[in-house]
Amino acid sequence: MASSKAPRLTTANVLKVVKGVARRNWWNLGFLLNIPSSTLDDIKQRHSDDRGRLEAIIQHWLKVDPSPTWRRVIYALDDMREHRTSDSIRQYAEPLTDPTLTL
């Protein structure tokens with residue numbers, strides 16, 4: 001049975017979950033988290049590797065989104081067809097409407 005408490009929504013926790021997927025697709029993840037393409041371009045220029053870019057988009061998203069949630073990460077990963085990773089997040093709280101997903 002899944003745990004009923006999702007980990008806190010921090011840069012480190014999001015990176016832990018999405019690191020393998022999003023390193024390859026950091027731009028898509030950022031776009032699906034509603035980060036403007038001009039910001040993604042800036043991040044690409046400032047960071048020379050995908051890990052740095054991924055971390056920068058997550059930090060930016062957590063900073064500017066008024067209500068970031070695990071649910072948003074799940075939906076973005078599903079849109080990227082990264083179901084194994086989105087399912088690993090879903091295990092933190094059941095059902096998906098569990099309010100702990102919005103920590």
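Starting from 1, each residue takes its place in the sequence as its number.
Side chains of Val14 and Trp70 form a contact here, defined as non-hydrogen atoms less than 4.5 Å apart. Residues Ile74 and Thr85 are not in side-chain contact: their nearest non-hydrogen atoms beyond the backbone lie 4.5 Å or more apart. Contact of the Trp61 side chain with the Asn34 side chain is not registered, since no non-hydrogen atoms from C-beta on lie closer than 4.5 Å.
The pair Asp50-Arg53 counts as a salt bridge, with a side-chain nitrogen and a carboxylate oxygen less than 4.0 angstrom apart. Between Asp87 and Arg84 no salt bridge is recorded (no basic side-chain N to carboxylate O distance below 4.0 Å).
When all heavy atoms of Gly30 and Leu40 are compared, the pair lying nearest together is CA-CD2, 4.0 Å. Of all the heavy atoms in Leu32 and Met80, the pair that sits closest is CD1-CG, 3.4 Å.
Put simply, Val64 and Ile58 are part of two different groups of oily side chains (I, L, V, M, F, W, Y) that touch within less than 4.5 Å, one to the next.
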Given Leu62 and Asp65, is the side chain to side chain contact (heavy atoms under 4.5 Å, CB included) satisfied, shown in steps? CA-CA 6 Å; Leu62 290 172; Asp65 191 308; over 6 Å; no

Please step through side chain to side chain contact (heavy atoms under 4.5 Å, CB included) for the pair Arg90 and Asp78, ending with a clear verdict. CA-CA 11 Å; Arg90 280 185 182 93; Asp78 282 344; 2.5 Å; yes

Arg51 and Trp26: CA distance, side-chain angles, deciding distance, side chain to side chain contact (heavy atoms under 4.5 Å, CB included) verdict: CA-CA 8 Å; Arg51 170 131 172 78; Trp26 66 271; over 6 Å; no

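The distance from the OG atom of Ser88 to the NZ atom of Lys16 is 12.5 Å, given to the nearest 0.5 Å. Put simply, CD1 on Ile57 and CG on Leu29 are 4.0 Å apart, with the number rounded to the nearest 0.5 Å. Rounding to the nearest 0.5 angstrom, the gap separating the CD1 atom in Ile43 from the CD atom in Glu55 is 11.0 Å. Asp42 contributes atom CG, which lies 10.0 Å from atom NE2 of His47 (distance to the nearest 0.5 angstrom).
Under the 3.5 Å distance criterion, the side-chain polar atoms of Asn25 are left unmatched by any main-chain donor or acceptor of Asn28.
The number of heavy atoms from other shown groups lying within 6.0 Å of CZ (Arg46) is above 12.
If you run side-chain contact (heavy atoms from CB on, under 4.5 Å) between Ser86 and each of Asp79, Leu77, Val73, only Leu77 comes through.
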